[in-house]
Amino acid sequence: MTHYKYKLLSCLVAVGFAFSACEKQLDLDPYASVEESKAFQTSADVEAALVGAYSRVGDDNVLGGDMGVYSELLGNDEQIGWSGTYQGLTQMYNKAIPVNNDFVEDTWKEAYEAINVCNNVLAAIDKVSEGKRDNVEGQAKFLRGIVYFEMVRLYAKAWNDGNPAENDGVPLVLTPTREVSEELKVNRSKVSEVYTQIISDLTDAESKMWDKIDNGFYANRTAAAALLARVYLQKGDYANAADAANRAIESNENSLMETYAEAFPVNYDNTNALVANTDEDIFAMQVTLNTGYNDFNTFFSLFGRGDIYINPEYYENYEAADDRLSVFALNNYEYTSKFDMVYGNVHIIRLAEMYLVRAEANFRAGTAVGAKPLDDINTIRVRALLEPLTGAQLNLDAILLERYHELSFEGHRLHDVKRLEGSVGSFPWNSPKLVLPIPEREIKINPGLTQNEGY
């Protein structure tokens, strides 16, 4: 775990808004001050920086699990309990987050560091050999897009909460930060502007990334389409959501695992071994023995800290035959085994989600892009060993219930509550308590950053 301390490496990287994290002066020239002509001289240099971008994005404070854990803790409506000792996460669970919450600060800092590495890759894209250039550019834009999407959903009002053209989102920084200067003090862009940039990045990424990448480390064109489907669904743009989900499904790059449990592989004979992506993983953050974290494992699994446990109320609306219960058959169903693999990759987008997005989007739009909603929902139900629904049984509630069961505890909870305008206990979906504060440290450095309502 990296909380309560800063990494030395952070002092050597262009850190965007978090340059205050390193308080001591180093005798070394910081990475931010290295001229681009020296840092990126060859295609190999830029490609190495792209690998570094993946490493940054996969940090535990970003897509290495914490962003998803925040969603589950903030969106919790008695489905889970928390027994952990990390004060910052206890504050999230209690919906009482101070502006100096260390997790909130670290995620902001690490996210902008990751964005800055992506920006450096994009600024030097002309150095990449012609045969790889489009793919490298697409990779960097995909990573930048996914980080901005998670940031705007956590640190700003939801798309449907008021006017996204007026609500403050997060700062958009699209060029490299190479030195500490007043130019770092960028104000918050509007929510609509952030979403426009995300969609632009991902659309460009889908057009440029390769169809197939065999090593499982890099994202491919299908991942960009799948993420676009998620973004459009969050906006309530159902036509585009259905189209993007259909592209991801019809690419045939992925397939559902035979059983639900196989989508979350665990080698109980050696939980410290490495497990590759499954055929169902459209995109996963890679965890190795030397680098990377899976904080879903850290907090949800008994092979980690086991700080998050499942309350009996969660199981009330399951059908008895539902095979998805098999990943909870542990310690009297108090814990999920989805994340028991210590060095299992972090599942970011699974193919099952795309069937659910296509079904919901088509149902709401009254369309049948790629398949009828009933067929998509029954694809998910049959894999879970449940009887197919009939046309008379299919409605929006049935579709959303399948989504709730299929994607449980994978980081979707808060964002689904917001887009569906539900509630979290006594908190309505648009409560300021369900939005992270802008870190106090960042506002001290940049007074132009506005604070979120309620803080």
Is any side-chain N of the basic residue among Arg230 and Glu353 closer than 4.0 Å to the acidic one's carboxylate O?
yes
Note: Asn277 and Asn345 closest approach over all heavy atoms is OD1-ND2, 2.7 Å
Ignoring hydrogens and geometry beyond distance, is a side-chain donor-acceptor pair present between Asp66 and Asn61 at under 3.5 Å?
yes
Regarding Lys141 and Glu137, does a basic nitrogen lie under 4.0 Å from an acidic carboxylate oxygen?
yes
Do Gln87 and Asp102 have side-chain N/O donor and acceptor atoms under 3.5 Å apart?
no
Can we say Lys109 and Glu442 salt-bridge, meaning some charged N sits less than 4.0 Å from an Asp/Glu carboxylate O?
no
Taking all non-hydrogen atoms of both residues into account, name the closest pair between Leu143 and Ile146 and its distance.
O-CG2, 3.2 Å
Does Leu436 reach the side chain of Ile97, with side-chain heavy atoms less than 4.5 Å apart?
yes
Measure from the side-chain N and O atoms of Glu72 to the backbone N and O of Gly411, and report whether any donor-acceptor pair falls under 3.5 Å.
yes
Side-chain (Tyr260) to main-chain (Glu406) donor-acceptor, under 3.5 angstrom
yes
Do Asp340 and Tyr268 have side-chain N/O donor and acceptor atoms under 3.5 Å apart?
yes
Any Lys/Arg nitrogen of Glu280 or Arg383 sitting under 4.0 Å from an Asp/Glu carboxylate oxygen of the other?
yes
Considering only heavy atoms from C-beta outward, does the side chain of Lys127 approach that of Ser43 to under 4.5 Å?
no
Within-4.5 Å side-chain heavy-atom neighbours: Arg305 and Thr85:
yes
Any donor-acceptor pair under 3.5 Å linking the side-chain atoms of Ser423 with those of Trp429?
no
CA sep, side-chain torsions, deciding dist, call: Arg133, Glu130, salt bridge (charged side-chain N to carboxylate O under 4.0 Å, His left out)
CA-CA 5 Å; Arg133 188 177 303 152; Glu130 187 173 351; 5.6 Å; no
Is a side-chain donor-acceptor pair under 3.5 Å present for Asn452 with Arg188?
yes
Quick check: closest heavy atoms across Leu202 and Ala224, and the distance to 0.1 Å?
O-CB, 3.9 Å
Mark yes or no for whether Asn378, through its side chain, and Arg381, through its backbone, hold a donor-acceptor pair below 3.5 Å.
no
Is the closest basic N to carboxylate O distance between Asp322 and Arg324 below 4.0 Å?
yes
Please determine if Arg419 and Asp416 form a salt bridge, counting it only when a charged side-chain N lies under 4.0 Å from a carboxylate O.
yes
What verdict does the side chain to side chain contact (heavy atoms under 4.5 Å, CB included) test give for Thr42 and Glu47, after you've listed the backbone C-alpha separation in whole Å, the side-chain angles of each residue and the deciding distance to 0.1 Å?
CA-CA 9 Å; Thr42 68; Glu47 293 170 58; over 6 Å; no
Closest contact, heavy atoms only, Gly88 versus Phe103:
CA-CD1, 3.8 Å
CD/Glu421: more than 12 non-hydrogen atoms of other groups inside 6.0 Å
yes
Salt bridge flag under 4.0 Å for residues Arg221 and Glu206:
no
If we count only N and O atoms by modelled type, under 3.5 Å, do the side chains of Asn267 and Asn270 hold a donor and an acceptor together?
no
Does a side chain donor of either Gln197 or Asp201 reach within less than 3.5 Å of an acceptor in the other side chain?
yes
Does any N or O in the side chain of Lys418 come within less than 3.5 Å of the main-chain N or O of Leu434, such that one atom is a donor and the other an acceptor?
yes
Check: Val424 and Leu74 side chains under 4.5 Å, non-hydrogen atoms:
no
Do Ser301 and Lys338 have side-chain atoms, one donor and one acceptor, less than 3.5 Å apart?
no
Please report the closest heavy-atom contact between Ala284 and His347, naming both atoms and the distance.
CB-CA, 4.3 Å
Between Arg247 and Leu228, is there a side-chain heavy-atom distance shorter than 4.5 Å?
yes
Side-chain H-bond candidate by donor/acceptor type, Asn100 with Arg441, under 3.5 Å:
no
Short question: side chain of Tyr112, backbone of Pro171 - any donor-acceptor pair under 3.5 Å?
yes
Heavy-atom distance under 4.5 Å between the side chains of Thr278 and Glu262, does that happen here?
no
Would Tyr404 and Tyr314 count as a side chain to side chain contact (heavy atoms under 4.5 Å, CB included) if you check the C-alpha gap in whole Å, the side-chain angles of each, and the deciding distance to 0.1 Å?
CA-CA 10 Å; Tyr404 178 60; Tyr314 168 71; 3.4 Å; yes
Counting C-beta onward and ignoring hydrogens, is there a side-chain heavy-atom pair between Glu402 and Tyr355 closer than 4.5 Å?
no
Would you check if the distance from the ring center of Tyr218 to the ring center of Phe283 is below 6.0 Å?
no
Would Val62 and Met67 count as a side chain to side chain contact (heavy atoms under 4.5 Å, CB included) here? Give the steps.
CA-CA 6 Å; Val62 192; Met67 285 177 153; 3.9 Å; yes
Does Ile308 reach the side chain of Leu73, with side-chain heavy atoms less than 4.5 Å apart?
yes
Ser71 (side chain) donor-acceptor with Leu414 (main chain) under 3.5 angstrom:
yes
Under the side chain to side chain contact (heavy atoms under 4.5 Å, CB included) criterion, do Val194 and Val170 qualify, and how do the steps go?
CA-CA 7 Å; Val194 180; Val170 295; 4.2 Å; yes
Hey, would you say the Phe303 and Phe339 ring centroids sit under 6.0 Å apart?
no
Any donor-acceptor N or O pair under 3.5 Å, side chains Thr107, Tyr155:
no
Under 3.5 Å: donor-acceptor pair, side chain of Glu410, backbone of Ile348
no
Backbone N/O of Leu356 and side chain of Asp376: donor-acceptor pair under 3.5 Å
no
Is the distance from the ring center of Phe142 to that of Tyr54 below 6.0 Å?
no
Take atom NZ in Lys95; do more than 12 heavy atoms of anything else shown fall under 6.0 Å from it?
yes
If we ignore hydrogens and angles and just use 3.5 Å, is the side chain of Asn135 paired with the main-chain N or O of Trp210 as donor and acceptor?
yes
Return yes if a side-chain donor-acceptor contact under 3.5 Å exists between Asn317 and His405, otherwise no.
yes
Taking the ring centre of each residue, are Phe300 and Tyr309 less than 6.0 Å apart?
no
Main-chain N/O of Phe328 paired with Ser337 side-chain donor or acceptor, under 3.5 Å:
no
